[in-house]
Amino acid sequence: MRNNTFQDRRWVIAGIFSVIILIYIIRLFSLQIVETKYKIGADSNALLKKTIYPPRGLIYDRNNTLLVYNRPAYDIAMILREITDLDTLEFCNTLNITKDYFCERMKDIKDRKKNPGFSVYTPQIFMTQLYADEIANMQQNIYRYPGFYIQNRTLREYTFPYAAHVFGSIGEVSRSDIERDPYYRQGDYSGRDGVEFTYEEHLRGEKGVEILLRDSKGRIRGKYRDGDADEVPIAGKNLTLTIDIQLQKIGEELLNGKIGSIVAIEPQTGEILSMVTNPGYDPSILVGRSRSKNYNELVNDPAKPLLNRATLAQYSPGSTFKPIQALICLQLGGINEHTRFPCNGENSVPIRCSHYHGSPVSLLNAIEQSCNPYFWQAFRATLEKDGYGEKNSSFKTNYQAWMDALYSFGFGHKFEDSDLFEHVKGNIPTQNYFNRYFGETGWRALTIRSLSIGQGEVLATPLQLANVMAIIANQGYYITPHLNKSDTMLLKKHVTAVDSSCFPIVTEGMWRVFEYGTGRYYKIPGLDMCGKTGTVQNNFGKDHSLFVGFAPRENPVIAIAVVVENAGFGATWAAPIASLMMEQYILGKIDRHYLFDRISTSILNPDVQKR
Amino acid sequence: MFKRDSVTYSIDWLVLLLYFTLVIMGWFNIYGASYDLDHEGSMFNFDFRAGKQFVWIITAFVIGGVILLLDYRFFNYFAYYIYALTILLLIVTIFIAPEIKGSRSWLVMGPISIQPAELAKVSTALVIAKWMSRYNFKMKALRDFIPLIFFILLPFGLIVLQKEIGSALVFTTFLLVLYREGMKGEILLMLSLFIVLFIVVLKYSATPITNAEGTWGLVLAMGIVLISQFVYAYFVNHHKKESWILAGGVTLLSLISIVLNKWVTVNFDYVAIAITAATALYWLIIELIKRYKKYLFPAFMTLVAIGFCFTSDQIFNRVLEPHQQVRIKILLNMEDDLMGAGYNVNQSKIAIGSGGFWGKGFLNGTQTKLKYVPEQDTDFIFCTIGEEHGFVGSVLVLILYWWLLMRILSMAERQKEAFHRIYAYGVASLLFFHVMINVGMVLGVMPVIGIPLPFFSYGGSSLWSFTILLFILLRLDASRLERR
Ligand SMILES: [Zn+2]
């Protein structure tokens with residue numbers, strides 16, 4: 001037996017053991033508690049988060065006709081980190097794309113400027129909105145391309161090829177969308193215009209997530225925690241529009257071959273019954289992969305089919321302004337129901353009359369016959385009823401009152417609470433404008449006389465003109481024109497500056513237009529209709545043909561404005577179109593087939609004929 | 001001779017309890033690690049890993065029981081025979097073992113495969129205990145020391161021939177036993193220094209010195225050697241004058257070479273080696289003049305270190321196999337290929353890291369269930385603990401091992417017989433080495449050397465050999481109260 005020397009070395013050995021174990025405990029602490037990257041690494045390893053897109057809300061018309069629905073489509077997503085041994089050429093052939101497109105797409109995906117959410121660990125959208133037949137080949141061969149996945153999506157489908165500007169379209173979200181709203185990821189789609197834009201949050205629903213377990217070979221091994229952590233997508237809410245699709249259809253057919261627009265409103269509710277603009281396009285061409293190509297064609301089309309003329313084009317209202325002028329002059333005391341003014345026909349100064357009628361002319365006759373001299377004299381009588389005053393101050397006070405009244409009719413400003421995608425404010429010239437132009441005292445009624453007959457600086461959109469008709473139909477108020485049938489717009493009446501007592505005589509005058517005046521050929525038998533034609537000079541080609549009106553005279557159900565650009569007399573084109581629209585809406589059908597056929601087949605501008 | 005009562009009375013119940021705890025925890029973790037989402041087998045289903053391990057555990061208990069029934073002197077008497085038998089098995093294995101994953105270490109006998117290398121650990125522990133407990137054994141005497149080294153190197157060499165480098169490296173742990181029994185501590189220190197030099201040379205061998213020839217690897221390694229010299233002379237021997245002359249001379253020579261580099265291209269590798277070789281000469285001269293009798297060995301070791309470092313690159317490139325080169329490179333952060341060879345370690349870090357403080361819960365680990373971690377029920381079993389039982393579970397397991405190790409050390413020191421004590425140190429060293437390397441590799445701080453985690457890793461050979469190892473110790477320890 002040996003002596004047990006070196007006994008103290010047990011402590012050295014125990015020390016070595018303890019130090020190593022302690023180092024490992026510290027290492028565990030840093031791995032498991034301090035560092036977070038390993039937890040993220042584990043999730044991106046094992047959990048495949050598949051976005052489940054909710055079906056977008058359906059869109060119905062006011063009579064619950066389905067207008068916009070969804071059909072299945074497919075996205076190809078990829079997780080860059082998982083892509084191995086990709087045979088690019090074969091892959092491109094399977095998808096029927098070019099190699100250039102493939103490289104371009106890959107470059108865009110990796111570009112963090114274009115795609116801020118890029119990561120090699122998370123699914124990135126490679127191609128979107130493929131139809132079942134386009135993806136069939138890929139679906140069979142997807143196993144050959146590890147890292148690529150097929151995601152189910154939906155694409156918009158349209159029952160009718162109409163109302164494209166009402167619906168708007170859906171497009172890929174931009175970088176700013178992604179930064180603004182955390183809901184969106186690269187490759188997502190959102191409404192870009194129309195109600196698809198305005199009601200994006202209403203229609204889009206809530207995305208769901210399916211969390212799948214994926215093993216080290218990329219195979220799906222079932223659901224994470226048996227699906228407890230999944231989020232079920234919530235379908236978008238449906239949207240019922242105020243549009244009457246039959247009326248919309250008739251409107252689009254009537255404008256065939258013409259540049260112009262129609263806006264029809266239900267006066268009591270402000271609901272837009274139809275909003276037609278021509279040239280337009282079939283909404284289904286801006287869906288799916290052909291979207292960008294077709295969109296570019298539309299953008300470059302000189303006839304501007306993307307422009308919604310109903311809300312974005314501004315016109316001098318011309319003679320259609322006369323009923324409004326009459327109302328304001330009555331209200332401001334420039335005239336009363338019995339006021340008559342002389343008319344010298346063609347020899348009238350400073351504004352000629354283009355019609356033949358007796359003189360002096362009454363207000364009713366002046367509206368019926370569209371007598372320019374009457375409205376000039378009424379306008380002057382209103383603005384100068386108190387003389388000019390010190391430095392034109394009395395005149396300017398009256399001008400301001402005239403302007404304010406016009407403003408209360410919806411002119412010169414946007415409908416702030418409207419759900420319309422885009423609309424413009426038109427124009428009412430301000431005092432400042434004339435002061436700058438003519439000097440502080442350099443202008444008086446005579447200077448701005450063209451305003452009396454709706455020419456000159458006053459500009460309005462067809463939407464504003466239709467809204468004015470709704471005001472007259474309502475005898476003094478309007479509800480902001482809107483497209484969502486189930487909103488709360490009705491709660492807010494906009495009352496005009498003109499007392500309701502002023503309206504009957506103007507309504508009577510407008511009724512006379514259909515009975516005896518420029519609209520008499522287009523009166524619907526047995527129906528009391530009110531309206532006013534307008535023929536507006538413009539610097540580019542023929543006069544614009546305008547018509548505004550409402551019907552029936554008692555308890556009106558439709559107020560309408562029609563503009564046909566460069567078409568000539570208001571009575572020739574706009575009036576019959578408005579009349580047919582009113583017939584369709586009030587009677588539910590069109591009996592005057594000869595008139596409908598004549599108008600809808602008249603091609604005034606071959607460039608905008610429907611193909 | 002059979003005193004059953006005395007065995008049950010005097011057996012170390014704590015060690016037995018720790019053993020059972022670790023084995024049962026291991027069994028549950030093997031069930032967790034091999035648990036397949038598609039086939040939920042029971043823990044007793046013999047078609048699955050956990051069920052098979054259950055059989056191994058039961059047989060291990062039987063073996064342990066049999067060992068406890070044997071006379072404690074059996075192991076001392078038969079140590080050489082057991083060792084010889086094992087060596088024979090190792091030799092046979094080289095020739096008849098089929099190649100499995102690049103190694104020839106498994107003896108297949110019908111349905112059972114065993115790894116003789118595992119048994120060699122036990123028999124080597126026994127044989128060195130027997131040899132070192134000889135009457136009048138002296139560590140410094142070459143006639144005692146050389147056979148001792150031979151006993152360790154023989155199985156080491158045979159296992160290397162089986163291409164099981166990992167298992168072979170286990171035998172280096174017996175240096176701890178030798179240290180406890182009187183081997184110079186400097187040898188352990190030197191060994192550590194050489195490992196540091198090796199790592200430095202490899203890690204910086206690809207980092208060139210700007211605007212000059214050579215790489216940082218050799219220069220830094222030589223710097224470490226010079227600093228070691230200075231520390232030894234100044235702080236250990238308090239030869240301040242000699243130390244300052246050394247430091248001044250080295251600095252001067254270095255500056256001259258740096259300045260020279262402006263006109264002629266200097267190869268700093270050679271400069272570093274030349275300066276270091278000069279210091280060896282310097283210490284030899286001092287030794288000749290002053291006769292301190294303290295610098296002969298350091299001067300010799302300096303020359304050895306120069307040779308070692310200079311050939312390290314070649315050792316690295318020629319002795320180690322390519323996959324081991326890569327593993328070591330990854331450990332030294334010289335390669336960062338997460339999908340290639342670094343995959344295992346990275347995935348195992350992810351699995352453990354994702355466990356957090358409390359872990360994901362038993363059978364709830366995603367990384368291990370989905371097979372991201374390779375060999376997760378054998379070499380990487382600690383991942384399952386880390387992922388499913390978190391920091392708490394991992395630390396608990398480490399503490400159990402630490403407790404067991406400390407207990408064995410105190411058991412060793414209470415033995416009256418040197419054979420028992422030395423054997424106990426052999427057991428502790430083997431256990432420690434396995435835990436250190438295995439857990440270290442899973443935590444990404446040790447190279448990936450495929451050795452099992454004692455009591456945890458799936459497999460009969462490993463469980464059996466550690467059971468035998470531990471139960472022999474228990475049996476020897478139980479004898480301390482027996483009449484002689
Ligand atoms: Zn007239």
Side-chain angles (χ1 to χ4, degrees), chain A residues 1-48 81-84 120 211-226 229, chain B residues 37-38 132-137 176 179-182 185 188 339 346-347 349-357 359 364 366-367 369-374 386-387 390-391 394-395 398-399 401-402 405-406 409-410 412-413 415-419 421 425 428-429 432 435-436 439-440 443-445:
Chain A
M1 294 298 148
R2 287 179 56 230
N3 292 332
N4 189 3
T5 44
F6 305 110
Q7 205 168 2
D8 288 347
R9 289 190 173 187
R10 67 179 288 199
W11 301 115
V12 177
I13 291 171
I16 293 171
F17 290 0
S18 305
V19 164
I20 294 287
I21 298 283
L22 191 66
I23 288 172
Y24 287 1
I25 288 174
I26 292 166
R27 173 75 176 165
L28 278 168
F29 184 81
S30 91
L31 275 180
Q32 298 189 294
I33 293 166
V34 180
E35 294 264 13
T36 53
K37 66 176 182 184
Y38 296 111
K39 293 169 189 68
I40 298 162
D43 282 357
S44 77
N45 254 347
L47 305 184
L48 178 68
R81 195 185 64 136
E82 295 173 2
I83 297 175
T84 48
V120 295
I211 307 177
L212 298 171
L213 286 171
R214 173 180 49 186
D215 72 9
S216 57
K217 301 214 167 52
R219 290 171 305 207
I220 299 303
R221 302 302 294 271
K223 291 189 146 206
Y224 176 58
R225 287 207 241 140
D226 293 325
Chain B
L37 291 169
D38 296 340
M132 288 163 77
S133 59
R134 267 175 3 129
Y135 176 70
N136 216 8
F137 172 87
L176 279 176
Y179 170 73
R180 167 62 185 84
E181 294 305 314
L188 276 186
M339 295 316 283
N346 188 49
Q347 290 298 337
K349 283 197 283 186
I350 286 177
I352 290 177
S354 70
F357 189 77
N364 284 336
T366 55
Q367 303 303 294
K369 298 295 161 296
L370 297 164
K371 316 294 177 210
Y372 282 93
V373 181
E387 188 184 11
F391 181 69
S394 314
V395 168
L398 285 182
I399 286 176
Y401 277 119
W402 178 79
L405 286 169
M406 292 302 123
L409 290 189
S410 73
E413 295 297 342
Q415 301 304 317
K416 295 187 189 97
E417 299 201 29
F419 174 76
R421 181 185 69 239
Y425 269 97
S429 304
F432 168 70
V435 173
M436 176 181 75
V439 177
L443 294 179
V445 295

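In what follows, chains are A, B, ... by sequence order, proteins preceding strands, each numbered from 1. On a predicted model such as this, the values are computed, not experimentally measured, just so you know.
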Within the side chain of Gln32(A), is there an N or O that forms a donor-acceptor pair under 3.5 Å with the backbone of Gly355(B)? no
Whatever's closer than 4.5 Å to a heavy atom in chain A on Tyr179(B) counts as both
To the nearest 0.5 Å, what is the distance between CG (Leu188(B)) and CD1 (Ile16(A))? 6.5 Å
Using a 3.5 Å cut-off and no angle test, enumerate the donor-acceptor pairs between side-chain atoms of residues 22-31 of chain A and protein atoms at least two apart in sequence or in another chain.
unit_1	atom_1	unit_2	atom_2	d
Tyr24(A)	OH	Met436(B)	O	2.6
Arg27(A)	NE	Leu443(B)	O	2.8
Arg27(A)	NH2	Leu443(B)	O	2.8
Ser30(A)	OG	Arg27(A)	O	3.2

Run the side chain to side chain contact (heavy atoms under 4.5 Å, CB included) check on Arg180(B) and Phe6(A) step by step: do they pass? CA-CA 6 Å; Arg180(B) 167 62 185 84; Phe6(A) 305 110; 3.9 Å; yes
When rounded to the nearest 0.5 angstrom, what is the spacing between CD1 in Ile21(A) and CH2 in Trp402(B)? 9.5 Å
So, the part of Ala412(B) with a heavy atom under 4.5 Å from chain A: the answer is neither
Val12(A) versus chain B, heavy atoms under 4.5 Å apart: side chain, backbone, both or neither? side chain
So how far is it from Arg421(B) CZ to Arg10(A) CZ, rounded to the nearest 0.5 Å? 11.0 Å
Please report the shortest heavy-atom distance between Met406(B) and Ala14(A), naming the atom on each side. CE-O, 3.7 Å
